[in-house]
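Working notes, beginning with the structure itself.
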Amino acid sequence: MRRAVVERTEKNHIGFGKIILFGEHFVVHGAEALVAGIDEYTSCRLELTKGQPGICVVDGRPAVPGYIVEKAEEQRLAHRLVFRHLNIDTSVDGVRIHLGGPLVPTSGIGASASDVVSLSRALSEMYGLDLTEDEVNLSAFVGEGGYHGTPSGADNTAATFGGLISYRRVNGVSNFSRVLITRPLFLVVCSTGITTSTTKVVGEIRELKENNPTWFNALLERYNACVGEAKAAMEVGNLFRMGELMNENHKLCQELTVSCAELDTIVNFCCENGALGAKMSGTGRGGLVVALAADEAQRDGIADAVRQRCPAAKFVWKYTVCPRSAKI
Ligand code: MEV
């Protein structure tokens with residue numbers, strides 16, 4: 001069992017948020033998805049509670065109403081899984097976890113992964129573990145089990161490494177690789193405020209596929225062409241083409257029946273107000289929209305317009321994906 005080597009952490013330990021840019025649902029059926037670790041993050045600071053056992057959390061993250069309370073039980077489990085994985089004993093001296101940072105936790109933004117990545121990094125300092133990036137990623141994957149049961153590994157990978165990442169699931173195993181981009185991506189992310197069950201929607205799409213494989217395979221083929229081109233466009237910094245392909249991916253999500261009126265309204269509004277492209281992101285039938293802007297100023301203008309004139313968007317955030325080269 002490990003003992004603390006410092007009584008409080010000094011460094012800023014962070015885990016990035018994430019957003020799916022291409023491929024939700026299609027990735028479940030073997031296609032490639034593109035996920036971005038956004039620069040906005042959760043940060044974690046730790047204090048040893050000498051003579052007071054156990055783990056307590058002071059959660060100072062700027063969450064949407066209800067989120068932190070709703071997730072408190074899963075978070076407790078996730079944190080315990082991380083402590084156990086890293087072989088840390090809190091039965092004599094406990095740990096107080098302070099969470100903060102600019103990332104606003106909500107469904108679909110990888111908040112739980114950013115929490116356990118930042119915690120794993122902070123524990124590495126406090127207990128002198130010297131964790132590598134891969135070990136941080138693994139620790140967070142174990143922690144993610146507390147939130148998700150069977151995580152795909154995409155969120156913790158994006159939260160650890162940031163930047164643009166390609167991923168594909170083959171026979172239940174997730175494979176990740178770095179996509180090198182040359183310029184930052186400026187994004188507006190909007191929430192419909194509608195929460196949906198990923199398990200339920202994924203199950204319904206599976207049933208639709210089984211009932212009509214010809215229809216599904218035709219969509220999958222179009223999606224494969226779309227993501228192949230999108231990856232190439234991103235690698236050469238062709239944001240205009242990337243935007244068009246986001247629109248195409250949204251159309252495919254509509255045909256797959258995972259969009260909804262609120263998502264379509266926000267997507268259309270963003271495009272009418274200057275976005276290069278926009279699409280739903282994540283489970284769908286509610287949840288999030290991601291829109292791509294040409295630059296920071298345009299992104300800020302789109303976000304202001306959505307806030308003022310698009311009531312379907314209940315929350316609006318401005319995010320950035322920076323080029324990162326760390327190997328995955
Ligand atoms: C949910 O955020 C993304 C889905 O593709 C499900 C998954 O990848 O596990 C809908």
Side-chain angles (χ1 to χ4, degrees), residues 14-21 24-25 35-44 57 59-76 78-79 99-119 140 143-144 146-149 151-152 154-159 162 185-202 250 253 258-260 262-263 265-267 269-270 278-292 299 302-303 306-307 310-321:
I14 69 167
F16 300 114
K18 82 103 207 312
I19 188 93
I20 299 177
L21 290 179
E24 49 282 284
H25 290 287
V35 57
I38 56 180
D39 273 32
E40 288 68 21
Y41 57 83
T42 295
S43 63
C44 179
V57 179
D59 203 330
R61 294 175 298 167
V64 301
Y67 182 91
I68 285 176
V69 175
E70 246 171 61
K71 294 278 177 180
E73 206 37 54
E74 288 175 14
Q75 185 190 52
R76 259 171 60 82
H79 288 172
L99 293 176
L103 182 74
V104 180
T106 188
S107 301
I109 207 75
S112 53
S114 69
D115 169 353
V116 284
V117 165
S118 66
L119 172 64
E144 273 276 89
Y147 278 107
H148 296 295
S152 68
D155 288 14
N156 50 277
T157 303
L185 304 175
F186 295 103
L187 307 175
V188 178
V189 174
C190 310
S191 169
T192 57
I194 303 166
T195 313
T196 41
S197 155
T198 302
T199 317
K200 181 167 178 283
V201 183
V202 166
H250 184 69
C253 287
V258 291
S259 191
C260 64
E262 292 82 352
L263 287 168
T265 300
I266 301 169
V267 164
F269 185 92
C270 289
K279 62 181 278 293
M280 56 157 272
S281 176
T283 303
R285 301 207 181 141
L288 303 180
V289 165
V290 56
L292 177 70
R299 186 220 21 215
I302 296 166
V306 176
R307 282 193 185 114
C310 185
K314 303 295 182 242
F315 305 98
V316 182
W317 302 288
K318 299 185 283 190
Y319 289 136
T320 311
V321 182

Discussion item. Counting neighbours of CZ on Arg307 that are heavy atoms of other residues, nucleotides or ligands and sit closer than 6.0 Å, is the number greater than 12?
Written reply: yes
Worksheet item: Phe16 and Val321: side-chain contact (heavy atoms from CB on, under 4.5 Å), yes or no, with the steps?
Response: CA-CA 10 Å; Phe16 300 114; Val321 182; over 6 Å; no
Item to complete: Indicate yes or no: does Lys279 engage Glu24 in a salt bridge with an N to O separation below 4.0 Å.
Response: yes
Would you tabulate the side-chain donor-acceptor contacts of residues 60-68 under 3.5 Å, counting partners in other chains and residues two or more places apart, or write 'none'?
| unit_1 | atom_1 | unit_2 | atom_2 | d |
| --- | --- | --- | --- | --- |
| Arg61 | NE | Asp59 | OD1 | 2.9 |
| Arg61 | NE | Asp59 | OD2 | 3.4 |
| Arg61 | NH2 | Asp59 | OD2 | 2.9 |

Worksheet item: Considering all heavy atoms of both residues, which atom of Leu99 and which atom of Val57 are nearest to each other, and what is their separation?
Response: CD1-CG1, 4.2 Å
Discussion item. Under the criterion side-chain contact (heavy atoms from CB on, under 4.5 Å), I'd like the reasoning laid out for Val104 against Tyr319: C-alpha separation, chi angles, the key distance, then a yes or no.
Written reply: CA-CA 11 Å; Val104 180; Tyr319 289 136; 4.3 Å; yes
Item to complete: Evaluate side-chain hydrogen bond (donor to acceptor under 3.5 Å, both in side chains) for Asp155 paired with Tyr147, printing each intermediate quantity in order.
Response: CA-CA 12 Å; Asp155 288 14; Tyr147 278 107; over 6 Å; no
Response to the item:
Closest heavy-atom pair, Val35 versus Ala158, reported as atoms and distance to 0.1 Å, is CG2-CB, 4.4 Å
Worksheet item: Just how far is it from atom OG of Ser112 to atom CG of Asn156, taken to the nearest 0.5 Å?
Response: 9.0 Å
Worksheet entry | Check against side-chain contact (heavy atoms from CB on, under 4.5 Å), Cys253 and His25 | CA-CA 8 Å; Cys253 287; His25 290 287; 5.9 Å; no
Response to the item:
When every non-hydrogen atom of Val116 is compared with those of Gly143, the smallest separation belongs to CG1-CA, 4.2 Å
Worksheet item: What closest approach, in Å, do Trp317 and Leu288 show between heavy atoms, and which atom pair accounts for it?
Response: CZ3-CD2, 4.2 Å
Worksheet, complete the sentence: Taking every heavy atom of Ala313 against every heavy atom of Cys190, the minimum-distance pair comes out as CB-CB, 4.0 Å
Item to complete: Give the intermediate values and the outcome of side-chain contact (heavy atoms from CB on, under 4.5 Å) for residues Ile38 and Leu103.
Response: CA-CA 9 Å; Ile38 56 180; Leu103 182 74; 3.8 Å; yes
Fill in: Residue list, side chain to side chain donor-acceptor pair (under 3.5 Å) with Ser197, at least two apart or on another chain
none
Discussion item. Please find the pair of heavy atoms, one from Ala312 and one from Thr265, that lie closest to each other, and give the distance.
Written reply: CB-CG2, 4.1 Å
Fill in: Sole residue of Leu21, Thr320, Asp39, Val290 in side chain to side chain contact (heavy atoms under 4.5 Å, CB included) with Leu185
Leu21
Item to complete: Please list, chain by chain and in numerical order, all residues satisfying salt bridge (charged side-chain N to carboxylate O under 4.0 Å, His left out) with Glu70, sequence neighbours excluded.
Response: none
Discussion item. Checking Ser114 now: which residues fulfil side chain to side chain donor-acceptor pair (under 3.5 Å) with it, not counting sequence neighbours?
Written reply: Thr42
Item to complete: State which residues pass side chain to side chain donor-acceptor pair (under 3.5 Å) with Thr192; sequence neighbours excluded, sorted by chain then number.
Response: none
Fill in: From Thr157 atom OG1 to Lys18 atom NZ, the distance as rounded to the nearest 0.5 Å
11.0 Å
Discussion item. Between Ile302 and Phe186, is there a side-chain heavy-atom distance shorter than 4.5 Å?
Written reply: no
Practice prompt. May I ask you to decide if Ile20's main-chain N or O and Ser281's side chain share a donor-acceptor pair within less than 3.5 Å?
Written response: yes
Item to complete: Any chance you could measure Asp115, atom CG, to Ser43, atom OG, to the nearest 0.5 Å?
Response: 10.5 Å
Fill in: Donor-acceptor under 3.5 Å (Glu144 side chain, Ala113 main chain)
yes
Fill in: Inter-residue atom distance Thr196.OG1 - Arg285.CZ, 0.5 Å rounding
8.5 Å
Practice prompt. Output the distance between atom OG (Ser191) and atom CD (Glu262), rounded to the nearest 0.5 Å.
Written response: 11.0 Å
Worksheet item: Quick one: CG on Leu292 to SG on Cys270, what's the gap to the nearest 0.5 Å?
Response: 11.0 Å
Worksheet, complete the sentence: Taken in chain and number order and not counting sequence neighbours, the residues that satisfy side chain to side chain donor-acceptor pair (under 3.5 Å) with Thr106 are none
